[in-house]
Amino acid sequence: MCLAVPGKVLEIKERDGTRMATVDFGGMAKEVCCEYLPDLQPGEYAIVHVGFALQRLDEESARQTLALFEELGLLEEEFGDPWELAAQEAAK
């Protein structure tokens with residue numbers, strides 16, 4: 001599954017001429033491109049889809065969405081180890 005997931009921006013830096021951010025998704029940090037949100041700042045929340053920060057989001061909405069995704073197991077499905085997930089599916 002490929003979800004648009006909210007995350008908190010931890011750090012922003014430039015890599016090879018591209019503005020990149022380290023974003024925390026409920027405890028899992030990933031590097032994402034923030035060229036679509038050129039004024040995004042550390043501490044803000046954004047919706048990220050396939051490695052791109054697409055839209056700014058308020059903290060409360062982000063926290064509620066992350067809690068719901070975690071409750072439904074969608075964060076593990078989106079960010080978990082694909083080999084481990086495949087092994088779990090095969091064992092069912």
Side-chain angles (χ1 to χ4, degrees):
M1 185 180 296
C2 192
L3 297 173
V5 180
K8 183 178 183 179
V9 177
L10 301 175
E11 176 184 38
I12 293 181
K13 58 189 169 196
E14 187 176 311
R15 189 180 72 200
D16 299 327
T18 302
R19 199 162 183 263
M20 302 295 291
T22 302
V23 178
D24 177 53
F25 299 96
M28 289 181 231
K30 299 278 185 179
E31 191 168 70
V32 304
C33 178
C34 54
E35 288 292 315
Y36 292 126
L37 295 173
D39 58 343
L40 190 64
Q41 297 297 315
E44 291 185 306
Y45 286 81
I47 294 175
V48 177
H49 182 62
V50 293
F52 291 88
L54 300 176
Q55 182 177 1
R56 196 172 269 106
L57 186 67
D58 67 88
E59 183 174 352
E60 182 60 27
S61 297
R63 288 182 185 272
Q64 288 176 355
T65 303
L66 283 170
L68 179 61
F69 282 9
E70 186 172 346
E71 181 180 318
L72 297 173
L74 297 175
L75 289 178
E76 180 65 30
E77 185 176 320
E78 186 72 15
F79 298 114
D81 180 352
W83 295 108
E84 184 177 325
L85 293 173
Q88 289 174 359
E89 284 296 317
K92 290 182 182 178

Student: Taking all atoms of both residues into account, what is the closest heavy-atom pair of Thr18 and Cys33, and its distance?
Tutor: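 Looking at all heavy atoms of both residues, the closest pair is CG2-SG, 3.8 Å.
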
Student: Listed by chain and number, what are the side-chain hydrogen bond (donor to acceptor under 3.5 Å, both in side chains) partners of Glu59, not counting sequence neighbours?
Tutor: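 Glu59 satisfies side-chain hydrogen bond (donor to acceptor under 3.5 Å, both in side chains) with Arg63 only.
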
Student: Applying side-chain hydrogen bond (donor to acceptor under 3.5 Å, both in side chains), can you list everything that pairs with Thr22, at least two apart in sequence or on another chain?
Tutor: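 Thr22 satisfies side-chain hydrogen bond (donor to acceptor under 3.5 Å, both in side chains) with no residue once adjacent residues are dropped.
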
Student: Within the 4.5 Å heavy-atom criterion, are Phe25 and Val32 side-chain neighbours or not?
Tutor: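 Side-chain contact under 4.5 Å: yes.
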
Student: For residues 24-35, which residue pairs pass the salt bridge (Lys or Arg N to Asp or Glu O under 4.0 Å) check, not counting sequence neighbours?
Tutor: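 Counting only pairs at least two positions apart or across chains, the salt bridge (Lys or Arg N to Asp or Glu O under 4.0 Å) contacts touching residues 24-35 are Lys13-Glu31, Arg15-Glu31.
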
Student: Could you tell me whether the side chain of Phe69 reaches within less than 4.5 Å of the side chain of Pro6, counting heavy atoms only?
Tutor: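 With C-beta onward as the side chain, the pair touches.
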
Student: Which pair of non-hydrogen atoms, one from Tyr45 and one from Ala62, has the smallest distance, and what is that distance?
Tutor: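 In terms of heavy atoms, the two residues are closest at CD2-CB, 3.3 Å.
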
Student: How far apart are the C-alpha atoms of Leu66 and Val5, what are their side-chain angles, what is the distance that settles it, and do they pass the side chain to side chain contact (heavy atoms under 4.5 Å, CB included) test?
Tutor: CA-CA 8 Å; Leu66 283 170; Val5 180; 4.0 Å; yes

Student: Using the test side-chain hydrogen bond (donor to acceptor under 3.5 Å, both in side chains), find all partners of Arg19 that sit at least two apart in sequence or belong to another chain.
Tutor: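 Expected list: none.
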
Student: With sequence neighbours excluded, give me every salt bridge (Lys or Arg N to Asp or Glu O under 4.0 Å) pair touching residues 46-56.
Tutor: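 Only Asp39-Arg56, Glu44-Arg56 qualify under salt bridge (Lys or Arg N to Asp or Glu O under 4.0 Å).
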
Student: Checking side chain to side chain contact (heavy atoms under 4.5 Å, CB included) between Ile47 and each of Leu3, Leu37, Leu57, which is the one that passes?
Tutor: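 When Leu3, Leu37, Leu57 are each tested with Ile47, the side chain to side chain contact (heavy atoms under 4.5 Å, CB included) holds only for Leu57.
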
Student: Report the residues that fulfil side-chain hydrogen bond (donor to acceptor under 3.5 Å, both in side chains) with Gln41, sequence neighbours left out, ordered by chain and then residue number.
Tutor: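 None.
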
